[in-house]
Amino acid sequence: MKIEARLSRGLRDLFPEEMIPRQRMLDVIRGVYESYGFSPLETPAVEYLDVLSGSAGEEAQQSMFRVTNPEEEALGLRFDLTVPLSRVVSQYGQQIDFPFRRYQVSPVWRADKPAPGRFRQFTQFDIDSVGAPSEIADVEIMAAMCDTLDALQVGRYRVRFSSRKILNLLLSYAGIPEDQGVHVFRVLDKLDKIGLPKVKLELTTGYTDESGAPISGLGLSDRQAAQIETFLGITGETRAEALGKVRELFASVEGATAELDEIQTISDHLEALGYGSDRVMLDVSIARGLAYYTGPVFEANLLDAPEFGSVFAGGRYDNLVTRFGGQPIPATGASIGVDRLLAALVHLKRVSQPKTTAQVLVTAMDGSLMSEYLAIAFELRRAGVRTEIHVGRPKKLGKQLQRADRLQIPYVVIMGGDEAARGVVTLKQMEVGREESETVQSHEEWKAARFGQQEVPRTELAATLRRLLGH
RNA sequence: GCCGGCGUAGCUCAGUUGGUUAGAGCGCUUGAUUGUGGAUCAAGAGGUCCGGGGUUCGAAUCCCUGCGCCGGUACCA
């Protein structure tokens, strides 16, 4: 019986044209993280189900992939890297040198409905400082976010930050019970997506959307909704200006001054380090859906591709390890959505997607010269040039050149009996012909022109290629 | 999860009120050109018409059902 070759929904294979820019991207991110002294950690893809779900409860488990082992224990695939980190910190507490500053790049799984740019397996690249109560740790995370986005050359971007503490002040200000906070924050988090009018309706009476689906409201009063609207309306050209308006609004709220002073400190440090309000904004409408955040929260968007949403986000979570029964350990960090960011950069045409890593193709035209072709290829490899030699069935030169063209291999080495006798090879730069083909009409002319070709003494081939490739 | 739309060649799609042997463009392979990519021309390969069941003399076409994809919405620890 024939089995159909196929993948379960939401999963995908990554071909070379996706993997090559992706690996470059991971290298760049790793470089920035290591420049801050973060160190690598790896944990298994599979964890005990109760470790993963913890206090999150049943609803957390519906989008989790479940797994069983031969002992029939209840296991699941991790859905983020923060929960495994908190497990590690709890499990090895005594042996870890705090602050534990680690990075981790790994796939995670969520059994959500797939959507454009959204898959059931995707890769996160996280940094976190665990055991770091100081707001300096938060400053570093935000600075690292900026440095990473700069290094990736993503174009214009904006990091926005706020704090759960500011949102808690909002609850006091509007007279909303603390236990309703997470629900209110969840609605506020949708502001970018659904807009203010719908947010207000969802906070109060609820509504029926365009498709006829009923959206239940939280039952806040009109007055409370109006207070929240005033709060959400706070903007400023600079962080200082926005912060001033928050101070003004919350002047009568108990404890507001101390909480807001912390934001001030973060902002001052960022300013001193050159992370100005053009890149890092204070935006009090940033809520982040996750319930576990306790302090500053951050979110980065690409200004040229806003439809991709936040590509890099995080915050402070001081209580996460308490679910394992330990003492609270202050922690802060951020996570980059590798797949989403790459999709955005592809969309913006900011990454090239070659189908091969090869820089040179050594063609095999004359079977009697095969050992010479091999010698050339290995000579180039030993000189640090990524080289492919024709290993397919014997083919005409035209077919071999066609492969170089399709795979976007920039250079081709051609050597027939003629060149061999004279101790030279023909080095062809493929891009020249690609440009000239626009104007060439007849095939005879095309062949005769031999675009981008030069003869190079065999002994100088490696040095010439190294120079052309900028080594 | 819920609402709506759509499943025909590798891709994008056409296919008459249900009627012979299911088509087009692009792509692919081969050749024209046995040492030159693009263009052009010629020839060729490629299909369980998403699966299953039903109606009918006859189903890609109509009905039921399962699956998948797309859009919206909910959820997102």
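Per chain, numbering begins at 1; letters A, B, ... match sequence-line order. Hydrogens, waters and symmetry mates play no part in the numbers below; they use all other heavy atoms, side chains included.
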Both distances under 3.5 Å, Watson-Crick or G-U wobble: report the partner of [N], or none.
{"N": "B/G37", "answer": "none"}
{"N": "B/U56", "answer": "none"}
{"N": "B/A22", "answer": "none"}
{"N": "B/U17", "answer": "none"}
{"N": "B/G1", "answer": "B/U73"}
{"N": "B/A9", "answer": "none"}
{"N": "B/C28", "answer": "B/G44"}

If I pick the [atom1] atom on [M] and the same atom on [N], what distance separates them, to the nearest angstrom?
{"N": "B/C62", "M": "B/G19", "atom1": "P", "value": "11 Å"}
{"N": "B/G31", "M": "B/C49", "atom1": "P", "value": "33 Å"}
{"N": "B/G66", "M": "B/A22", "atom1": "P", "value": "31 Å"}
{"N": "B/G15", "M": "B/U21", "atom1": "C1'", "value": "15 Å"}
{"N": "B/A24", "M": "B/G46", "atom1": "C1'", "value": "15 Å"}
{"N": "B/U61", "M": "B/G18", "atom1": "P", "value": "11 Å"}
{"N": "B/U48", "M": "B/A59", "atom1": "C1'", "value": "15 Å"}
{"N": "B/G54", "M": "B/A60", "atom1": "P", "value": "15 Å"}

task: Any chance you could lay out the side chain to side chain contact (heavy atoms under 4.5 Å, CB included) test for A/Phe298 and A/Arg160, step after step, and finish with the verdict?
output: CA-CA 6 Å; A/Phe298 347 107; A/Arg160 296 178 296 166; over 6 Å; no

Atom pair distance, as rounded to whole Å: [atom1] in [X] and [atom2] in [N]:
{"X": "A/Glu202", "N": "B/C75", "atom1": "CD", "atom2": "P", "answer": "6 Å"}
{"X": "A/Glu435", "N": "B/G37", "atom1": "CD", "atom2": "P", "answer": "17 Å"}
{"X": "A/Phe451", "N": "B/A39", "atom1": "CZ", "atom2": "C1'", "answer": "12 Å"}
{"X": "A/Leu52", "N": "B/C76", "atom1": "CG", "atom2": "C1'", "answer": "15 Å"}
{"X": "A/Lys190", "N": "B/G72", "atom1": "NZ", "atom2": "P", "answer": "15 Å"}
{"X": "A/Met430", "N": "B/G38", "atom1": "CE", "atom2": "P", "answer": "9 Å"}
{"X": "A/Phe185", "N": "B/C76", "atom1": "CZ", "atom2": "C1'", "answer": "17 Å"}
{"X": "A/Phe79", "N": "B/C75", "atom1": "CZ", "atom2": "P", "answer": "18 Å"}

Indicate whether OP1 or OP2 belonging to [N] is found under 4.0 Å from a side-chain N or O atom of [X].
{"X": "A/Trp446", "N": "B/G37", "value": "yes"}
{"X": "A/Arg9", "N": "B/C67", "value": "no"}
{"X": "A/Arg186", "N": "B/C76", "value": "yes"}

Close side-chain approach of [X] and [Y], heavy atoms under 4.5 Å:
{"X": "A/Glu419", "Y": "A/Val425", "value": "no"}
{"X": "A/Arg458", "Y": "A/Ile376", "value": "yes"}
{"X": "A/Gln429", "Y": "A/Leu427", "value": "no"}

- request: For nucleotides 25-35 of chain B, just jot down a letter per nucleotide in 5' to 3' order: B, S or -, based on protein non-hydrogen atoms under 4.0 Å.
  value: ---SSSSSB-B

Give [X] one of three labels, base, sugar-phosphate or nothing, depending on what nucleic acid heavy atoms sit under 4.0 Å from its own.
{"X": "A/Thr363", "value": "nothing"}
{"X": "A/Arg434", "value": "base"}
{"X": "A/Glu436", "value": "nothing"}

Distance-only donor-acceptor pairs under 3.5 Å for side chains of residues 463-471 of chain A, two or more places apart:
| from | atom 1 | to | atom 2 | distance (Å) |
| --- | --- | --- | --- | --- |
| A/Thr464 | OG1 | A/Glu460 | O | 2.7 |
| A/Arg466 | NH1 | A/Ala383 | O | 2.5 |

- prompt: Using 30° and 60° as the class limits, which term best fits the ring planes of A/Phe125 and A/Tyr33: parallel, tilted or perpendicular?
  reply: perpendicular

Partner of A/Asp339 by side-chain hydrogen bond (donor to acceptor under 3.5 Å, both in side chains), out of A/Gln121, A/Gln124, A/Arg12: A/Arg12

task: Determine, stepwise, if the pair A/Gln91 / A/Phe324 fulfils side chain to side chain contact (heavy atoms under 4.5 Å, CB included).
output: CA-CA 9 Å; A/Gln91 190 175 338; A/Phe324 299 110; over 6 Å; no

message: Run the salt bridge (charged side-chain N to carboxylate O under 4.0 Å, His left out) test against A/Glu42 and tell me which residues pass, sequence neighbours left out.
response: none

